[in-house]
There are 2 protein chains.
Amino acid sequence: MTVSKTPALDLTKTVRAAARDDTGEGDVLKLGELSELLGYSLKRAQLKVFDDFIHCVAPLQLTPAQFSVLLLLERNPGRNQTEIASTLGILRPNFVSMLDGLESRELCVRMRSTNDRRSHVLMLTDKGHAILARAKKLVATKHETRLNELLGPEKREALLGMLAKIAREF
Amino acid sequence: MTVSKTPALDLTKTVRAAARDDTGEGDVLKLGELSELLGYSLKRAQLKVFDDFIHCVAPLQLTPAQFSVLLLLERNPGRNQTEIASTLGILRPNFVSMLDGLESRELCVRMRSTNDRRSHVLMLTDKGHAILARAKKLVATKHETRLNELLGPEKREALLGMLAKIAREF
DNA sequence: CGATAATTGTTATGCGATATATCAAATGTA
DNA sequence: TACATTTGATATATCGCATAACAATTATCG
């Protein structure tokens, strides 16, 4: 991002802001070095974001994991369960019940592959496409918009880039 | 991470897929709008970071949650279970077994408060202080160092600041 | 003061996500 | 053909997280 040219000053500000819990004592507990722990902030932020996602998309009753499956099926129709699951970091045994849920709601279908009759070809149904379209709209207008208001577009992009890099290379 | 199962046979496929990365469908599934989803990157990054943390601090057998408890006890000695648990976002019932584990390893102690005999005053033991000191060193030299090498100090601080803001205000 | 409400730690319990072992059917390979 | 691998599935165990309920203690208020 563009802030990489404002090192010293922004750095101290950020440090002080993050560590402002060690000024004065009172009723509130001091986080101390906890606020410098990446995993701690990462997990608390993730919980908040998931919570907001679930709330925003509540009328459609889709969890973040289910939404990610639908998105991946839309973008990659005709793949089998192993491919979809492994791409999302889901173990195959756990993906079975997940698909059961989506299929029972008629959002997607399993069809035996003609090439390889072991595997199931996965596809969204019309209803699945429709629900996904509505979900995307809700996520865009309610969920992601909120992040933009909090961080601004460029910092939001910088954040996404850093998170992707960590997920990829850490 | 998930791409390691490719047998030597699909080399041609992989090469072709890499040569035409924006046309048709190839070997690798496309994430599509998934990479723009904050929650998705957030969760995958968090899993990676926790995994690395556990690996780095493996000789001391401390989970991220346990480490955070020890850190908070060091910084805030004499608090009760409700205060520590709620600060970390842990529900009191679940904090009981967590404390049992730490206390059975003699890393901390519960003492009945003289003011309020309902509550337990929590404190680190000498062993708890020692283990925490060693854990801090491992985290600093192995874990956080790795993040600095990946992002650089200023981007790392920017990331922490944004995550804290999300955890706080989202 | 005394009756009632609230707090603290605890137990029990359920749910969901995650992990491994195992299986039958289908396919690949020596 | 015989053996190994892959795919989807089942069973199962563990862990994190959530709620209800309880005894002991303390706070509140009539």
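Throughout, protein chains are lettered first and strands after them, A, B, ... in sequence-line order, and every chain is numbered starting at 1.
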Given atom NE2 of A/H120 and atom C1' of C/dA25, what is their separation to the nearest angstrom? 11 Å
Spacing between A/L99 atom CG and D/dT7 atom C1', to the nearest angstrom: 13 Å
From CD of A/Q81 across to P of D/dT6 the rounded distance in Å is 17 Å
On DNA chain D, does the nearest nucleotide to A/N94 precede the nearest nucleotide to A/S119 from the 5' side, or the other way round? Give the residue. A/S119
Measure the distance from CD1 on A/I84 to P on D/dT7 and round it to the nearest whole Å. 13 Å
Can you tell me how far CG of B/L62 sits from CD1 of B/I54, rounded to the nearest 0.5 angstrom? 10.5 Å
So, with a heavy-atom separation below 4.0 Å from DNA chain C, the residues of residues 102-116 of chain A are A/N115, A/D116
With side chain to side chain contact (heavy atoms under 4.5 Å, CB included) as the criterion, how do A/I166 and B/L159 come out once you've worked through the C-alpha distance, each side chain's angles and the decisive distance to 0.1 Å? CA-CA 11 Å; A/I166 290 175; B/L159 174 62; 3.6 Å; yes
Could you pick out which residue, B/R118 or A/N80, lies toward the 5' side of DNA chain D when each is mapped onto its nearest nucleotide? A/N80
Looking only at the aromatic ring of each residue, does the gap between the centers of B/Y40 and A/F67 stay below 6.0 angstrom? no
Any salt bridge between A/E36 and B/R156, counting N to O under 4.0 Å? yes
Polar side chain donor-acceptor pair, A/Q61 to A/R105, under 3.5 angstrom: no
Output yes when A/E74 and A/K136 qualify as a salt bridge under the 4.0 Å nitrogen-oxygen rule, no when they do not. yes
Take atom CG of A/L91 and atom P of D/dT7, then tell me their distance rounded to the nearest Å. 14 Å
May I ask you to test the A/L147-B/F170 pair for a side-chain heavy-atom distance under 4.5 Å? yes
Enumerate the residues from residues 39-60 of chain A whose closest heavy atom to DNA chain C is under 4.0 Å, giving them by residue number; use none for an empty result. none
Taking atom P of D/dG16 as reference, at what distance in whole Å does atom CE of B/M98 sit? 8 Å
Does B/T145 use its side chain to pair, donor to acceptor, with the backbone of B/A140 at less than 3.5 Å? yes
Taken to the nearest whole Å, CD/A/Q66 to P/C/dG16 is 11 Å
Salt bridge (charged side-chain N to carboxylate O under 4.0 Å, His left out) filter on B/E106, not counting sequence neighbours, yields none
What contact category does B/R92 fall into here, base, sugar-phosphate, or nothing, at under 4.0 angstrom with non-hydrogen atoms? base
How many Å lie between CZ on B/F95 and P on D/dA18, as a whole number? 15 Å
